[in-house]
Amino acid sequence: MTDSLRFATWNVNSARARVDRICAWLEKTGTDVLAIQETKCRDDQFPAERFTELGYEVSHHGANQWNGVAILSRIGLDDVQIGFPGQPEWQGTESVEPRAIAATCAGITWWSLYVPNGRTLEDPHYPYKLEWLAALARNAEQWLADDPTASIALTGDWNIAPLDEDVWDIAVFEGATHVSAPERDAFARFTEIGYQDVVRPLAPGPGVYTYWDYTQLRFPKRQGMRIDHVLTTPALAERITDAHIDRDERKGKGASDHAPVVVDIAR
DNA sequence: ATGCCTCCAGGATGGAGA
């Protein structure tokens with residue numbers, strides 16, 4: 001029993017291809033709760049037993065080979081929420097994509113979010129991304145209004161670099177998604193309603209990233225993006241004792257293109 | 001050195017990621 005709990009979020013880029021690495025990482029780091037994005041599988045394909053063997057409870061939400069989110073917890077996993085009220089549907093479909101799941105673990109509601117990519121500024125996925133974020137913000141604002149002392153974390157792959165220093169060369173991203181003003185405004189909305197980025201103060205940039213493209217030697221060249229974030233309510237922010245990005249996990253054969261983002265929370 | 005992309009479905013190669 002330590003005096004702090006370890007929570008994390010990680011876009012694993014396939015749960016099935018990454019399960020050995022995920023298990024090794026959980027054991028090595030002593031992580032209590034992990035939000036996973038891009039599991040890329042159906043519920044029946046998710047390697048849940050690999051995690052239950054290690055003492056974790058598991059909740060997964062997936063539909064096919066795209067998206068997919070999960071929560072693992074070894075300190076209790078209650079009140080699972082699949083998606084959020086008003087979560088937009090992708091156009092032309094009648095189903096909501098599996099991009100959001102939450103569970104309450106030791107009194108902390110930990111969301112695993114996979115924000116739509118956007119693709120290009122002209123693509124229909126771009127307004128979808130903005131609508132998705134606005135709908136999430138409306139819920140997040142209401143949760144805090146309902147209980148100003150709530151311990152809620154919005155974690156995952158936001159697909160937004162909030163500051164110019166969050167990409168290795170802002171000139172390269174001229175006219176691209178992830179850095180556009182509407183996306184940054186959509187992200188800033190969460191701080192306006194009271195949520196705080198609890199990682200940046202403890203892992204300041206420049207040159208601090210959570211994602212490196214597989215191509216063009218982006219990782220060894222240190223050419224990455226900070227697009228995975230942990231935003232919390234004020235009551236939870238007060239309990240953060242440490243935070244870091246586990247850059248080493250991006251190394252080696254079989255790595256995800258994202259690194260885990262880790263937050264330590266006082267009991 | 002941290003190293004030239006990887007995942008999925010399908011059964012070849014193309015879509016998606018960012």
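Just so we're clear, the structure is a prediction, and the values are computed from it rather than from any experiment. A, B, ... follow the sequence lines: proteins, then strands. Residue 1 opens every chain.
Heavy atoms only, all atoms of each residue included: A:Asn159 and A:Asn117 are closest at ND2-CA, 3.6 Å.
A:Tyr209 comes within 4.0 angstrom of nothing in the nucleic acid, heavy atoms only. Note on A:Asp257: nothing from the nucleic acid sits closer than 4.0 angstrom, heavy atoms only. Within the 4.0 angstrom heavy-atom criterion, no nucleotide atom of any strand lies near A:Asn67. Note on A:Arg16: only backbone sugar-phosphate atoms sit closer than 4.0 angstrom, heavy atoms only; bases stay farther off. Contacts of A:Gly118 with the nucleic acid, taken as non-hydrogen atoms under 4.0 Å apart, are absent. A:His258 comes within contact range of the sugar-phosphate backbone alone, with a heavy-atom separation under 4.0 Å but no base atom that close.
Between A:Phe187 and A:Trp158, the angle of the ring planes goes over 60°, which puts this pair in the perpendicular group of the 30/60° scheme. The aromatic rings of A:Phe173 and A:Trp168 sit perpendicular, their planes meeting at an angle over 60°, well past the 30° parallel limit. Using cut-offs of 30° and 60° on the angle between ring planes, the pair A:Phe219 and A:Trp212 is perpendicular.
Atom CG of A:Asn11 and atom P of B:dT6 are 16 Å apart (whole Å). Atom CZ of A:Phe219 and atom C1' of B:dG17 are 18 Å apart (whole Å). Taking atom NZ of residue A:Lys253 and atom P of nucleotide B:dC5, one finds them 13 Å apart after rounding to whole Å. Note: NZ (A:Lys221) to C1' (B:dC4) measures 8 Å, nearest angstrom. The OH atom of A:Tyr128 sits 11 Å away from the P atom of B:dG17 (whole-angstrom rounding). Rounded to whole angstrom, the span from the NZ atom of A:Lys129 across to the P atom of B:dA16 amounts to 16 Å. In this structure, A:His125 places its NE2 atom 13 Å from P of B:dG15, rounding to the nearest Å. A straight line from CG of A:Asp213 to C1' of B:dC4 spans 12 Å, rounded to a whole angstrom.
For A:Ala17, taking side-chain heavy atoms from C-beta onward, the closest of the listed nucleotides B:dA18, B:dC8, B:dA16 is B:dC8. The nucleotide whose nearest atom lies closest to any side-chain atom of A:Asn117 is, among B:dT2, B:dA18, B:dC7, B:dA18. The A:Tyr214 side chain lies nearest to B:dG17 when the options are B:dT2, B:dG17, B:dC7. Minimum atom distance to the side chain of A:His178 is reached by B:dA18, of the listed B:dC7, B:dA18, B:dC4. When the nucleotides B:dC7, B:dT2, B:dA18 are ranked by their closest atom to the side chain of A:Arg222, B:dT2 comes out on top.
If A:Arg42 and A:Met225 are placed on DNA chain B by their nearest nucleotide, the residue sitting closer to the 5' end is A:Arg42. Nearer to the 5' terminus of DNA chain B, by closest-nucleotide assignment, is the contact made by A:Ala15 (compared with the other of A:Ala15 and A:Trp66).
Side-chain polar atoms of A:Gln37 and A:Thr9 form a donor-acceptor pair below 3.5 angstrom. Looking at A:Asn11 and A:Glu38, their side chains do bring a donor and an acceptor atom within 3.5 Å of each other.
For the OP1/OP2 pair of B:dA18 and a distance below 4.0 Å, the side-chain nitrogens and oxygens of A:Tyr114 include at least one atom meeting the criterion. Note on A:Arg18: every side-chain N or O is 4.0 Å or more away from OP1 and OP2 of B:dT6. For A:Ser14 and B:dT6, the shortest distance from a side-chain N or O to OP1 or OP2 is not below 4.0 Å. Checking the phosphate oxygens (OP1, OP2) of B:dT6, no side-chain nitrogen or oxygen of A:Asn13 falls inside 4.0 Å. Taking 4.0 angstrom as the limit, A:Arg119 places none of its side-chain polar atoms (N or O) nearer than this to OP1 or OP2 of B:dA18.
Here, B:dT13 and B:dT2 have their C1' atoms 31 Å apart, quoted to the whole Å. Rounded to whole Å, the P atom of B:dG10 lies 15 Å from the corresponding atom of B:dG15. Across the P atoms, B:dC8 and B:dA18 are found 15 Å apart, a figure rounded to whole Å.
Within a 6.0 Å sphere centred on CD of A:Glu53, other residues, nucleotides and ligands contribute more than 12 heavy atoms.
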